[in-house]
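Comments concern the structure below.
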Amino acid sequence: MPALDTSIVVGVVGAGAMGAGIAQVAAQAGHPVRLYDTRDGAAEAGIAGIRKQLEKRVAKGKLTQEAVEAVIERLAPVTGLDDFAGCGLVVEAIVEKLEVKRELFGRLEAICGEAAILASNTSSLSITSIAANLERPERLAGLHFFNPAPVMKLVEIVSGLATEPTVAETLYATAAAWGKTPVHASSTPGFIVNRVARPFYAEGLRLLQEGAADAATLDALLRQAGGFRMGPFELMDLIGHDVNYAVTRSVFDAYYGDTRFEPSLVQLALVEAGRLGRKSGQGFYDYREGAEKPVPRFAAPAHADLPPLVVEGEAGFLAPLVERAEAAGLELVRHPAQGAEALPTLRLGELNLALSDGRCATERAADERRESLVLFDLCLDYADASAIALAASAATSEAQRAVAAAFFQRLGLAVAWVDDTPGLVVLRTVAMLANEAADAVHQGVCSAADGDLAMRAGVNYPRGPLVWAEALGLGYVHRTLTHLQQSYGQDRYRAAFLLRRKAIAEERFHE
Ligand code: NAI
């Protein structure tokens with residue numbers, strides 16, 4: 001389907017943060033735009049805000065004054081819904097209340113022409129439900145922008161039960177023509193991003209609750225090892241705990257209390273205390289004047305003689321780590337694999353080093369009959385990670401721990417010792433993100449490609465969770481999840497069926 005022609009008038013209802021942003025996007029793309037809000041003067045204020053935003057770009061030399069005037073000229077504040085009569089698309093960004101949205105679309109249906117598309121920017125309500133009472137529910141879809149709409153690339157095109165595929169396709173093409181990155185989603189709780197992103201916050205919160213490490217260290221690990229732009233705690237502080245907790249709660253309730261989405265008591269306590277994050281001056285961090293920013297707890301330089309690094313088996317995706325050791329001047333001894341392990345065993349004298357597989361170090365050392373074992377965490381890219389989490393089994397001596405720390409420090413990585421927790425920090429976060437994405441794909445919420453794209457464009461993940469899982473090996477990710485499930489005895493970590501089936505196919509049938 002082609003995009004809507006720029007001669008088509010776009011109506012926007014609600015001139016708040018999102019409505020004004022969406023009006024700006026449509027006007028910048030060349031459409032005449034009509035903006036309406038029930039609050040007196042809100043539409044005019046919205047347009048004045050858009051002018052201010054655009055003029056900042058003029059000051060930076062990124063836009064000409066003429067271009068600003070042309071955009072502003074296309075934006076018209078209107079005083080009633082009747083003024084939407086000539087619109088080919090009306091986007092709603094009003095208060096997040098089902099009854100109010102239903103009533104609005106009921107009125108718009110009577111005002112707008114037959115061919116007009118109706119769209120909702122809702123982030124948590126069901127598109128199916130919003131459209132249910134319309135005479136023609138097939139022409140309503142979700143057009144879910146992210147905040148701030150002029151900046152964030154992602155737009156989820158959400159189809160309800162009745163949405164006509166041509167309507168979704170037209171919106172998809174139109175969002176692309178507006179310079180956005182559209183993805184298709186079916187109307188299910190949280191759509192794609194607000195569902196798949198839940199484990200990013202939830203695993204961080206759990207690690208904190210279990211005392212694996214403090215917030216500043218966990219944030220640093222997800223940034224410096226995981227490659228995420230922000231760690232979960234600083235991100236939740238930015239979003240606001242009231243908002244983030246409410247989204248988690250609504251997805252949890254909508255999935256009938258599935259433990260995968262269980263909200264955290266740690267976050268609830270912050271909401272109850274009014275520590276909502278940056279906006280209230282305090283959250284996980286203290287933003288008040290004079291407050292000191294906590295620093296990550298990295299280990300002090302360790303002093304230990306490093307024996308040659310023995311690499312048993314193919315290095316696989318750990319090859320950049322081994323190369324880094326070689327580049328740091330360490331002697332390397334390579335041996336063929338002893339068993340059928342896909343990942344290599346690393347040894348430094350008596351010390352065994354291994355990438356976590358979802359078991360805690362103590363359990364794994366017992367299973368594998370090893371005396372001393374230090375587990376290290378997953379990194380997005382071992383070639384340029386600047387920090388790493390380590391955990392030692394109960395029987396690992398201080399001297400052996402020093403060898404492990406000295407090894408990674410020699411490679412230029414800051415070392416954070418975390419409590420002996422299953423799946424460490426980055427690995428369990430990535431495994432759970434991939435698990436959630438796989439489940440969304442299995443349930444027909446989105447395609448695998450759109451799921452990955454949504455997480456990169458909507459929340460800036462460094463890699464799509466599914467592509468990431470495939471690069472690690474689905475069998476390995478599946479084992480990690482199974483070990484997490486066994487470690488906690490909780491359904492929350494159960495592997496998504498699609499991931500399990502694909503893992504079996506990959507490992508047994510080399511698909
Ligand atoms: P907001 O509170 O900034 O703006 C809402 C505007 O709608 C207000 O100016 C209000 O006066 C107006 N309004 C309320 N009822 C109205 C009605 N019946 N007719 C006309 N105007 C009416 O809210 P915001 O943040 O812009 O959110 C709007 C919608 O966008 C909600 O559905 C929200 O879930 C969704 N959304 C919000 C995001 C965010 O980060 N703020 C992100 C993505 C979606």
Side-chain angles (χ1 to χ4, degrees), residues 11-26 33-50 53 77-84 87 90-109 111-112 118-127 129-131 140-158 160 175 180-183 185 187 189-195 197 235-236 238-251 254 276-279 454 457-460:
V12 179
V13 194
M18 294 308 291
I22 295 166
Q24 179 181 336
V25 171
V33 178
R34 293 176 195 165
L35 184 59
Y36 170 69
D37 199 292
T38 41
R39 227 172 358 108
D40 265 355
E44 288 79 359
I47 295 171
I50 295 171
Q53 286 302 317
V78 296
T79 51
L81 289 181
D82 288 340
D83 291 321
F84 287 123
C87 292
V90 180
V91 188
E92 161 281 311
I94 64 166
V95 59
E96 189 74 336
K97 286 198 176 133
L98 179 63
E99 281 315 316
V100 185
K101 289 192 196 280
R102 276 183 163 176
E103 203 231 85
L104 171 73
F105 282 116
R107 290 175 61 197
L108 284 171
E109 189 172 43
I111 294 166
C112 299
L118 305 178
S120 171
N121 185 50
T122 181
S123 42
S124 64
L125 300 173
S126 152
I127 295 300
S129 184
I130 292 175
L140 189 141
L143 190 65
H144 185 215
F145 285 81
F146 288 72
N147 193 10
V151 178
M152 297 302 290
K153 285 277 177 202
L154 185 69
V155 180
E156 292 177 331
I157 313 292
V158 187
K180 295 296 173 188
T181 303
V183 291
S187 181
F191 310 140
I192 305 173
V193 170
N194 278 340
R195 170 193 185 156
L235 184 53
M236 283 184 276
L238 181 68
I239 293 168
H241 293 285
D242 48 346
V243 174
N244 191 261
Y245 180 80
V247 175
T248 304
R249 180 86 228 197
S250 93
V251 173
L276 304 181
R278 279 180 182 269
K279 62 185 173 189
V459 269
N460 292 318

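Just so we're clear, the structure is a prediction, and the values are computed from it rather than from any experiment. Order of listing sets the numbers, starting from 1, for every ligand and every atom in it.
Counting only heavy atoms from C-beta outward, the side chains of L104 and L81 approach each other to under 4.5 Å. Side-chain contact between F105 and I130: present, with at least one pair of heavy atoms (C-beta onward) separated by less than 4.5 Å. Here the side chains of E92 and L108 are not in contact, with every heavy-atom distance at 4.5 Å or above. Side-chain contact check for M236 versus Y245: every heavy-atom pair is 4.5 Å or farther apart. Taking 4.5 Å as the limit, every side-chain heavy atom of V91 sits out of range of all side-chain heavy atoms of V13. Between S120 and L125 the shortest side-chain heavy-atom distance does not fall below 4.5 Å. Side-chain contact between F191 and V193 is absent, with no heavy atoms from C-beta onward closer than 4.5 Å.
Note on ligand 1: A42 sits outside its first shell, no heavy atom being nearer than 4.0 Å. In this structure, L104 has no heavy atom closer than 4.0 Å to ligand 1. Heavy atoms of K101 approach ligand 1 to within less than 4.0 angstrom. A heavy-atom separation below 4.0 Å is found between F145 and ligand 1.
The N/O atoms of T122, backbone and side chain alike, include none that comes under 3.5 Å of an N/O atom in ligand 1. Considering backbone and side-chain atoms alike, M18 places an N or O below 3.5 Å from some N or O of ligand 1. Close N/O approach between N147 and ligand 1 is found [any backbone or side-chain N/O within under 3.5 Å].
Less than 4.0 angstrom separates some heavy atom of S123 from each of these atoms of ligand 1: 34 (O), 36 (N), 44 (C). Of all the atoms in ligand 1, the ones that sit under 4.0 Å from a non-hydrogen atom of H144 are 43 (C), 44 (C). Near E96, with a cut-off below 4.0 Å to any heavy atom, the atoms of ligand 1 are 31 (C), 32 (O), 33 (C), 34 (O). When each atom of ligand 1 is checked for a heavy atom of V100 under 4.0 Å away, the hits are 18 (N).
Counting protein heavy atoms under 4.0 angstrom from atom 21 (N) of ligand 1 gives one or more. Taking a distance limit of 4.0 Å, we find that atom 4 (O) of ligand 1 is approached by some protein heavy atom.
The closest protein non-hydrogen atom to atom 1 (P) of ligand 1 is G16 CA, 4.1 Å. Ranking the protein heavy atoms by distance from atom 16 (C) of ligand 1 puts T38 OG1, 3.5 Å first. Of the protein's non-hydrogen atoms, the one nearest atom 30 (O) of ligand 1 is N121 ND2, 3.0 Å. Among all protein heavy atoms, the one lying closest to atom 6 (C) of ligand 1 is D37 OD2, 3.6 Å. Protein heavy atom closest to atom 23 (O) of ligand 1, with residue, atom name and distance, is A17 N, 4.8 Å. Here the heavy atom of the protein found nearest to atom 14 (C) of ligand 1 is V95 N, 3.7 Å. Protein heavy atom in closest approach to atom 29 (C) of ligand 1: I94 O, 3.3 Å.
Panel note: side chain N121, backbone A93; no donor-acceptor pair is recorded below 3.5 Å. Looking only at distances, a side-chain donor or acceptor of K180 sits under 3.5 Å from a matching main-chain atom of M152. Here the side chain of R34 pairs no donor or acceptor atom with the backbone of V90 at under 3.5 angstrom. The main-chain N or O of S123 is found under 3.5 Å from a side-chain atom of E96 such that the two form a donor-acceptor pair.
Contact between A454 and I192 at its shortest, heavy atoms only, is CB-CG2, 3.8 Å.
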